[in-house]
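Reviewing the structure listed below.
Lettering of chains follows the sequences in order, A, B, ..., and the numbering in each one begins at 1.
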Amino acid sequence: MDTKELETTALLAQIELGKGDLARLGEAVSQMLDNFRKMNELDTEGLEATTHALVTDNRVRPDSPVPSDLADALVERSPELEDRFIVIPNVL
Amino acid sequence: MDPTFETRWSQFSAKKQAYLAYARPMEQKVGSFLTYRPDVEAPQAGALQGLPFAVKDNIAVKNFPLTCGSRMLETLVSPYTATAVARLQAAGAVVIGKTNLDEFGMGSSTDLSALGKTNNPWDFSRVAGGSSGGSAAAAAAGLVSFALGTDTGGSVRQPASFCGVYGLKPTYGTVSRYGMTAYASSLEVMGIASKSLALTEKVYGVMKGRDPHDQTSLDPAPGVARAVKTIAVLDGLTDLEPAVQRAYEATLDHLKALGYRLLPVHLGTLDYAVPAYYTIATAEASANLARFNGIRYGLRPEYAENPEDLIRKSRTAGFGDEVKIRIMLGTYVLRSGFQDQYYTKAQKVRTAIRNDLQKVFDQADLLMTPTFPTRAFVHGDRSMTPYQQKLADKFTVTANLAGIPALSFPAGLEEGLPVGMQFMAPAFEEGRLFEAAAKFATRVAAPDCPGTSLDWSK
């Protein structure tokens, strides 16, 4: 994969790549992509795509409230709290 | 060995001091745990009463850390317990620690953990395998009666093979994934590593079953029970390390001596299993790991210019190289314009592999292959690059792509290191795996790792 493609992909993946990363990770990514292209040797004409091996139906649960006691435990696990508000870095 | 094995382990609470005197120095050498809390009392009721077990650190256990072996989640403590773990606890088993793993389950050595180093109990200079290396090492070193891992592409079976224990990857969906940190959702399932085959089967029996919290979970529906008679084997199998080749041929001889008919088969799609697996696994990983962004989860930078900058800084500092490589690969294969060429193609190859396996199971009750082409390799060994480790996953990923159950079983020692072989069965036919492995164990038992002992329980 050329550097430009790699940079675009990293941007989409929300990962920052330094110069050293580009060379090191780029080589590993390219090597795997070459391996992926091997799939073209196999004729898959007429085959359906398998998304899940054994799941055939889309199960949903009834649209009704279910009690959960997790809210406090989750809030307590925040790095910084003011009352029940989660403090985040100033990003504006 | 089996009845004694469980009876001895059920002494865990009563003989705590003797256990600790054995286990603490052993754990210092092996390094299987990221969190080790053996100072707990085990319940004295239930099918698994009093049995201590370990849980891979990408599975949630309430009030234990849930790091996934990553800087990203180093400080996370889980507020809830995974369904499968809760079922084991309800049956009387007790969690005594969280085991080391390759970051987010991505790797074959456990050397890609950002938080600890795990050694193979058979040879401390070698890796325990991965990604559930801590779980397999803890089971082999006699630190727990069994350990839970996750198997996305062989992550329970390969370390089980490296450490000389049994490693079960159940049928996809038969064990709830609720509480398991998602990596590749359509491929992965929780599995079990243990020195005891009977206990592995028992633990699976407790864990399995549909869970309202996981909409892909299923109740196992095995077909009419029938004895295993025919075992398919790969025709003209090469590219194995000579020691594994020897163990493989010896296994064939043992199976013949046990009265099984061996049926050579050609799996034409096997060469495409690795590219199809890594295409699908990385695509799903890129979506699943998008949630780690320093906002709802994960490492948070000190400051950021804007929200995008905060997310980028969090992910850049929080993820290791291998995770970044896989996220980028997955992002690439899902990009518009490339999707048909890679992701959709891989899903069609997946269909071809399933069809191929179906043909095998039309003629045979089980398929037997080596678990991995090599024995445990040395830490940082240049003879097995990360790329070569991925290519070597071909025997294990096949079962994940097809969703079928597979069991790695100890098949003897070669030059002092264990070698594992694996049985694969049609969906829901775990019973066949246990039956054949139990018969095989009458000829080759799970090996005792030097320096390990259950004498503390006497």
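Proximity to chain B is absent for every atom of A:E76, based on heavy atoms less than 4.5 angstrom apart. The contact between B:V274 and chain A is made by backbone and side chain atoms together, counting heavy-atom distances below 4.5 Å. In this structure, the portion of B:A427 lying under 4.5 Å from any heavy atom of chain A is its side chain and not its backbone. Using a 4.5 Å cut-off between heavy atoms, B:P386 makes no contact with chain A at all. At a 4.5 Å heavy-atom cutoff, B:T385 makes no contact with chain A through either its backbone or its side chain. Contacts between B:E308 and chain A at a heavy-atom distance below 4.5 Å are absent for every atom of the residue. Looking at B:S286, neither its backbone nor its side chain comes within 4.5 Å of chain A, counting heavy atoms on both sides. Contacts between A:L42 and chain B at a heavy-atom distance below 4.5 Å involve backbone atoms as well as side-chain atoms. For chain A, the nearby parts of B:S217 are the backbone and the side chain; heavy atoms of each come within less than 4.5 Å.
You'll find the side chain of A:Q14 stays beyond 4.5 Å of the side chain of B:N293, heavy atoms only. Between B:N355 and A:L47 there is a side-chain heavy-atom pair separated by less than 4.5 Å. At a threshold of 4.5 Å between non-hydrogen side-chain atoms, the residues A:F36 and B:K345 do not count as touching. A 4.5 Å side-chain heavy-atom check between A:L17 and B:M328 finds at least one atom pair inside the cut-off. Within the 4.5 Å cutoff, the side chain of B:R300 has no heavy atoms near those of the A:S78 side chain.
With chain A as partner, the option from B:A276, B:G403, B:P79 having the largest number of non-hydrogen pairs under 4.5 angstrom is B:P79. Put simply, of B:T282, B:I325, B:T344, the one with the most heavy-atom pairs under 4.5 Å next to chain A is B:I325. The candidate from A:A10, A:A49, A:G18 with the greatest count of non-hydrogen atom pairs under 4.5 Å with chain B is A:A49. Ranked by non-hydrogen atom pairs under 4.5 Å with chain B, the options A:V60, A:L25, A:L11, A:L6 are led by A:L25. With respect to chain A, the highest number of heavy-atom pairs below 4.5 Å among B:L218, B:L187, B:T216 belongs to B:T216. The candidate from A:Q31, A:M1, A:K38, A:R24 with the greatest count of non-hydrogen atom pairs under 4.5 Å with chain B is A:Q31. Of the listed residues (B:I404, B:L310, B:I280, B:D321), the greatest number of heavy-atom pairs within a distance under 4.5 Å of chain A belongs to B:D321.
Closest approach of A:I15 to B:R312, counting heavy atoms only: N-CG, 4.0 Å. Nearest heavy-atom pair across B:T316 and A:E16 is OG1-N, 2.9 Å. Annotation for A:H52 and B:S185: closest pair NE2-O, 4.2 Å, computed over non-hydrogen atoms. When all heavy atoms of A:R77 and B:N63 are compared, the pair lying nearest together is NH2-OD1, 3.3 Å.
Shown here is B:Y303, whose OH atom has no more than 12 heavy atoms of other residues, nucleotides or ligands within 6.0 Å. No more than 12 heavy atoms of other residues, nucleotides or ligands sit less than 6.0 Å from atom CD of A:E27. Surrounding CG of B:D239 are at most 12 heavy atoms belonging to other residues, nucleotides or ligands under 6.0 Å away.
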Pair B:R335, A:E5 - check salt bridge (Lys or Arg N to Asp or Glu O under 4.0 Å), show working.
CA-CA 11 Å; B:R335 273 174 64 180; A:E5 286 287 4; 3.0 Å; yes
Would A:R59 and B:R210 count as a side chain to side chain contact (heavy atoms under 4.5 Å, CB included) if you check the C-alpha gap in whole Å, the side-chain angles of each, and the deciding distance to 0.1 Å?
CA-CA 12 Å; A:R59 288 209 314 258; B:R210 192 167 163 152; 2.9 Å; yes
Would you list the atom pairs, donor with acceptor, under 3.5 Å between side chains in residues 346-354 of chain B and any protein atom, with sequence neighbours excluded?
unit_1 : atom_1 : unit_2 : atom_2 : d
B:Q347 : NE2    : B:Y343 : OH     : 3.3
B:R350 : NE     : B:L401 : O      : 2.7
B:R350 : NH1    : A:T51  : O      : 3.2
B:R350 : NH1    : B:S186 : OG     : 3.0
B:R350 : NH2    : B:S186 : O      : 3.2
B:R350 : NH2    : B:L401 : O      : 3.3
B:T351 : OG1    : A:E48  : O      : 2.5
B:T351 : OG1    : A:T50  : N      : 3.2
B:T351 : OG1    : A:T50  : OG1    : 2.7
B:T351 : OG1    : B:Q347 : O      : 3.1
B:R354 : NH1    : A:T50  : OG1    : 3.2
B:R354 : NH2    : A:A53  : O      : 3.1

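Note that the CG atom of A:L12 and the CD1 atom of B:I327 stand 12.5 Å from one another [nearest 0.5 Å]. Here the CG atom belonging to A:L54 is positioned 7.0 Å from the OG1 atom belonging to B:T171, to the nearest 0.5 angstrom. Residue A:N40 holds its CG atom at 10.0 Å from OH of B:Y272, rounded to the nearest 0.5 Å. A distance of 6.5 Å separates CZ in A:R37 from CD in B:Q341, rounded to the nearest 0.5 Å.
Considering only residues two or more places apart in sequence or on other chains, B:F338 meets the ring-ring contact (aromatic ring centres under 6.0 Å, His included) condition with B:Y332.
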